[in-house]
Amino acid sequence: MTGTRSDARKWLVGGLVATGCLGLPALAQVAPTGKAPALQGGEANVVQPEATALLKRMSDYMAKLKAYSVRAHNVNEVLLANGQKLEFEAASDVTLQRPNHLRSNRIGDMTEAEFYYDGSNVTLYGRKNQYYATAAAPTNMDEMLDHVRARLSMEPAGADLLYSDIYGGLIDGVTEARVIGPATIGGVKTTHLAFRAADVDWQIWIEDGDRPLPRKYVITTKWTTGSPDFSVEFSDWNLSPKIDKATFSFTPPKGAKKIDFLTAPVAR
């Protein structure tokens, strides 16, 4: 996990993440209940080649996809000052077209938001309050994601898995990597992997067979009391979606008010 991507994980799971000045929280999903598998070993600093190889296979496969759409079901655990945990759910319909187009529609407990990236600008529109903000953005998808996370305090659903090199971003800083075993997510057979780093533990469930797609992704922060989770479950993958230019272009609805993003300070 390098630079912005590593930092994003730390603040992402520490509480509700405000998306720009619209006050729209980024949310994600909790791990399913069920009987835990019998695990072998448990030694510290074990990196199983099988785990990293499967993660790399998923990353390479995702990088070759020119376009896709997917539904992301999200739950974010929030730790209150009194120690109580709350969960906030949301669902996002995400459409991506490489090299530089992205659209996400999110509906949840505390937000209804639309995110647009047309290759030169990003726009966030809050349907409930009828506010929208637009800002110039890099023309490269990876750079855009870094930019909106670091400067605009925005977090597209499952952003770690939208980069062109998923593996490079995830594996940096990993001290332990294990294959936990087979698991079924949403009726799909997957392989469950678990990883550890200094500040976070994270898990990913990768679809078995010739489509190694991510089916679930969970981050557990270790630097916050209570170790809240951020996670996202993916379904309804479409690897040949019908897309037109209007998909990524935002036209303000009648009555919508334009405001400015509250930008984060630049580190010096």
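Since we're looking at a predicted model, the values are computed, not measured.
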Using the benzene-type ring in the case of Trp, are the ring centres of Tyr117 and Phe248 under 6.0 Å apart? no
For Ile107, which fellow cluster members are found when Ile, Leu, Val, Met, Phe, Trp and Tyr are connected by side-chain heavy-atom distances below 4.5 angstrom, either directly or through intermediates? none
Under a plain distance cut-off of 3.5 Å, with no hydrogens placed, do Thr123 and Thr134 share a side-chain donor-acceptor pair? yes
Kindly indicate, with the supporting measurements, whether the criterion salt bridge (charged side-chain N to carboxylate O under 4.0 Å, His left out) is fulfilled by Arg178 and Glu176. CA-CA 7 Å; Arg178 290 182 173 85; Glu176 298 180 28; 2.8 Å; yes
Donor-acceptor pair, side chain of Thr190 and main chain of Ala183, under 3.5 angstrom: yes
Which residues share a ring pair (Phe, Tyr, Trp, His ring centres under 6.0 Å) with Phe195, sequence neighbours left out: Trp202
Short side-chain to backbone donor-acceptor contact, Glu207 and Pro212, under 3.5 Å: no
Salt bridge (Lys or Arg N to Asp or Glu O under 4.0 Å) partners of residues 243-255, not counting sequence neighbours, each pair once: none
Any Ser240 side-chain heavy atom under 4.5 Å of Tyr68 side chain: no
Main-chain N/O of Ala72 paired with Asn74 side-chain donor or acceptor, under 3.5 Å: yes
Could I get the full list of salt bridge (Lys or Arg N to Asp or Glu O under 4.0 Å) partners for Arg57, not counting sequence neighbours? none
My understanding is that only residues two or more places apart in sequence, or in another chain, count here; which of them pass side chain to side chain donor-acceptor pair (under 3.5 Å) with Asp210? none
With a 4.5 Å cut-off on side-chain heavy atoms, are Ile206 and Leu213 touching? no
Is there a path from Ile243 to Leu239 through hydrophobic residues (I, L, V, M, F, W, Y) whose side chains come within less than 4.5 Å of each other? no
Can you check whether Phe230 reaches Val218 side chain to side chain, under 4.5 Å on heavy atoms? no
Regarding Asp229 and Thr220, is there a side-chain donor-to-acceptor distance under 3.5 Å anywhere? yes
Apart from Val47 itself, members of its ILVMFWY cluster (side-chain separation under 4.5 Å) are none
Indicate yes or no: at least one non-hydrogen side-chain atom of Tyr116 is less than 4.5 angstrom from one of Ser249. no
